[in-house]
Amino acid sequence: MKKCSYFFDFLISHAKVYGFIFPSSEIYGGLNAIYDYGPHGVELKNNIKEFWWKSMTLLHENIVGIDSSILMHPDIWNASGHIDQFNELLIDNKDSKKRYRPEILIQEYVEKKFFNDPKKKEKILSRLSKSLKKKDLVDIKILIDELDICDPVYKTKNWTKIRRFNMMFKIKNEKNLYLRPETAQGIFSNFHNIIKSNRMKIPFGIAQIGKSFRNEIFARKFIFRMREFEQMEMQFFLFPEEEIKWYEYWKNIRLKWHLELNLGNKKYYKLCDHNHLAHYASAGSDIQFHFPFGFQEIEGIHSRRDFDLKNHEFFSKKKLRIFESKKNYLPYVIETSLGLDRLFLAIFSSSLKKEELKNGKSRIVLKLPYYLSPIKAAIFPLVKKDGLPEIAKRIFNDIRIHNRLVYDQKESIGKLYRRQDAIGTPFCFTVDYDTIKTNTVTMRNRDDMKQKRIHIKEISKIIEQETGLKKVLEKLSKII
Ligand code: ATP
């Protein structure tokens, strides 16, 4: 099943059919690179957020949170460099009217065409890399012409010149108001408020989860590259002389955090140093993940030094420096920036499996980490009569405020199990005739499908222990 394109199409369809992700505005034909999270999707997403948030703010005593606004003073984007430098390259095909990022066009072409000729591939990519560094747009266009690259869909070569394109969304009729392209600036602009209100001392961090918006030219690959997405970012403020120490520390910690998700160590391409740094960064590293379409960035760790605070001091004319032990300085910053939707896709794609069963049939199962599953357990009556639904409903009502559960009696027990497998529910508890005599139910495990009998009183404790965040946070606290 895991042949890339077939598996990816299957994943997108599974996400829709089982209420994880829908194309936005679908009844009007959809909107390019915008998606909505359905009932199971939002639960999974909230669980991922909670895991990240608690890992940052509970496991590190010197990290606090913030929730800043999406719209900010226009000068923020001058200070941050986004107005001048948050650009992508753009090329249009005049026949198809499609827009592309020229470097991606070249990379994808070369990957396919010179798959068996790594030397040639390397040579072209190295020339591309040099031209990008020198911002030599003419040479990149020459490369497209020399390689004879066609529009991947319409197969014509009628290209425009390459030009730059600012990726921020501007609000119409509002002078210089933008939707934020990263959450980080809300942290920098509140740096002093947080120091004062929370008596923070360097080194310390500020974490934030929130929406960001980028007018991506090459927006495809489902929720991997969207125009509206969510980021989980943390800016860590430190003494300038400790830049390398903290940069190494955060690279190491973030990788350990990812590996704790147990998605498979081979799925991570660990920490590739950036060749092309973002305009604000002095050093940068990616954690790359093996998505269904190949290895791609899932999280970036950057040293932003004092780029942002220095520019905000200049533009706002407010002092943001620290006076401490007779020293007067601007702290440096290490940033960890993780895309929530990309992490969702990483978890979803590694968990979705088709399994052949001993009876010759197969099942689709979403083997999510238990603590992330949207539904923690399902309660069923074996049949819809003889008082079994009433007992099952009573059990459900007794424990449902502590955990996200479902009660279901709409289909046969086999079909009910399959549905819970497909949405990743770790446990199913079934009330049968023995329940009436012994107060026990069968407990079925999602992963090995084994069943055992347990007392009704144990259900709540098992769900809590096996599907809560406590276990994984305790484990992480020992390695962080
Ligand atoms: P890319 O090179 O893939 O465009 P980036 O280097 O521009 O990513 P950053 O600006 O470092 O990304 O943003 C931090 C994180 O935010 C990324 O690692 C990614 O997980 C997420 N992210 C960035 N752009 C998008 C997007 N358009 N859709 C979904 N997630 C995104």
Side-chain angles (χ1 to χ4, degrees), residues 21 24 31-37 41 45 48-49 52 77 80-82 85-90 99-104 107-108 129 132 165-169 179-188 207-235 250-251 254-255 257-258 261 268-291 293-304 307-308 333-349:
I21 298 169
S24 165
L31 193 57
N32 183 26
I34 311 271
Y35 289 90
D36 297 335
Y37 285 81
K45 196 171 167 193
I48 298 172
K49 283 195 220 182
W52 182 88
W77 306 116
S80 70
H82 282 84
Q85 296 181 64
F86 195 54
N87 298 316
E88 290 288 2
L89 301 183
L90 167 78
R99 269 195 167 167
Y100 296 95
R101 275 170 64 181
E103 70 277 31
I104 293 184
Q107 278 157 4
E108 293 199 338
S129 175
L132 284 168
F165 172 81
N166 191 290
M167 289 170 70
M168 281 201 291
F169 278 107
L179 296 178
R180 69 179 176 197
E182 60 172 19
T183 61
Q185 295 308 323
I187 294 180
F188 296 124
Q208 165 154 242
I209 301 177
K211 290 257 178 168
S212 292
F213 302 81
R214 295 182 187 179
N215 200 356
E216 297 276 4
I217 303 160
F218 213 55
R220 0 174 266 194
K221 297 180 182 158
F222 195 34
I223 56 169
F224 177 82
R225 189 176 297 286
M226 295 199 283
R227 294 191 295 155
E228 173 180 342
F229 57 99
E230 250 175 295
Q231 290 182 307
M232 305 196 282
E233 295 198 301
M234 194 279 302
Q235 311 292 328
W250 280 110
K251 284 200 305 189
R254 291 310 302 147
L255 188 57
W257 186 87
H258 279 275
L261 286 163
Y268 283 95
Y269 214 65
K270 290 141 205 166
L271 299 162
C272 314
D273 287 330
H274 283 197
N275 287 330
H276 306 292
L277 289 170
H279 64 270
Y280 48 74
S282 60
S285 232
D286 282 353
I287 297 178
Q288 298 206 355
F289 186 82
H290 195 257
F291 290 96
F293 35 82
F295 277 104
Q296 298 272 330
E297 170 178 341
I298 186 165
E299 172 158 2
I301 295 119
H302 305 115
S303 173
R304 297 178 79 127
F307 176 90
D308 302 88
V333 173
I334 303 295
E335 155 183 272
T336 70
S337 181
L338 172 59
L340 173 55
D341 313 86
R342 283 192 194 178
L343 181 58
F344 186 112
L345 182 58
I347 293 169
F348 198 80
S349 61

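Below, all heavy atoms of this structure are taken into account, side chains as well, without hydrogens, waters or symmetry copies. Start at 1 and go down the list; that is how both ligands and their atoms are numbered. Numbers here simply count residues along the sequence, with the first being 1.
Within the 4.0 Å heavy-atom criterion, both parts of Arg225, backbone and side chain, lie near ligand 1.
Some N or O of Glu297 is nearer than 3.5 Å to an N or O of ligand 1, by distance alone. Taking only nitrogen or oxygen atoms, main chain and side chain alike, Ile298 reaches within less than 3.5 Å of ligand 1. For a threshold of 3.5 Å applied to N or O pairs, the pair formed by Glu216 and ligand 1 contains at least one separation below that value. The shortest N/O to N/O separation between Asp341 and ligand 1 does not fall below 3.5 Å.
The ligand atoms of ligand 1 that sit less than 4.0 angstrom from a heavy atom of Ser337 are 13 (O), 14 (C), 15 (C), 18 (O). Atoms of ligand 1 found under 4.0 Å from any heavy atom of Met226 (numbered from 1 in listed order, with element): 26 (C), 27 (N), 28 (N), 29 (C). In the vicinity of His302, heavy-atom distances shorter than 4.0 Å reach the ligand 1 atoms 11 (O). Applying the 4.0 Å criterion to heavy atoms of Glu299 picks out, from ligand 1, the atoms 18 (O). Residue Gly300 has at least one heavy-atom neighbour below 4.0 Å for each of these atoms of ligand 1: 18 (O).
Looking at Met232, Met167, Arg214, Gln288, it is Arg214 that brings a heavy atom closest to atom 9 (P) of ligand 1. Considering Gly339, Ala33, Ser212, Ala184 only, the shortest heavy-atom separation from atom 21 (C) of ligand 1 involves Gly339.
When side chains are defined from C-beta on, Ile217 does not count as touching Ile104, because their heavy atoms never get closer than 4.5 Å. Residues Trp77 and Pro181 are in side-chain contact: their nearest non-hydrogen atoms beyond the backbone lie under 4.5 Å apart.
Side-chain rings of Tyr268 and Phe289 approach one another, their centers coming within less than 6.0 Å.
Of the listed residues (Gln208, His302, Glu335), just one forms a side chain to side chain donor-acceptor pair (under 3.5 Å) with Gln235, and that residue is Glu335.
The backbone N or O of Glu230 lies less than 3.5 Å from a partner atom in the side chain of Asp341, making a donor-acceptor pair. Put simply, the side chain of Arg99 never gets that close to the backbone of Leu90: no donor and acceptor are under 3.5 Å apart. Side chain of Arg342 to backbone of Arg225: no donor-acceptor contact under 3.5 angstrom is found.
In this structure, a donor-acceptor pair under 3.5 Å is absent between the side chains of Ser212 and Glu182.
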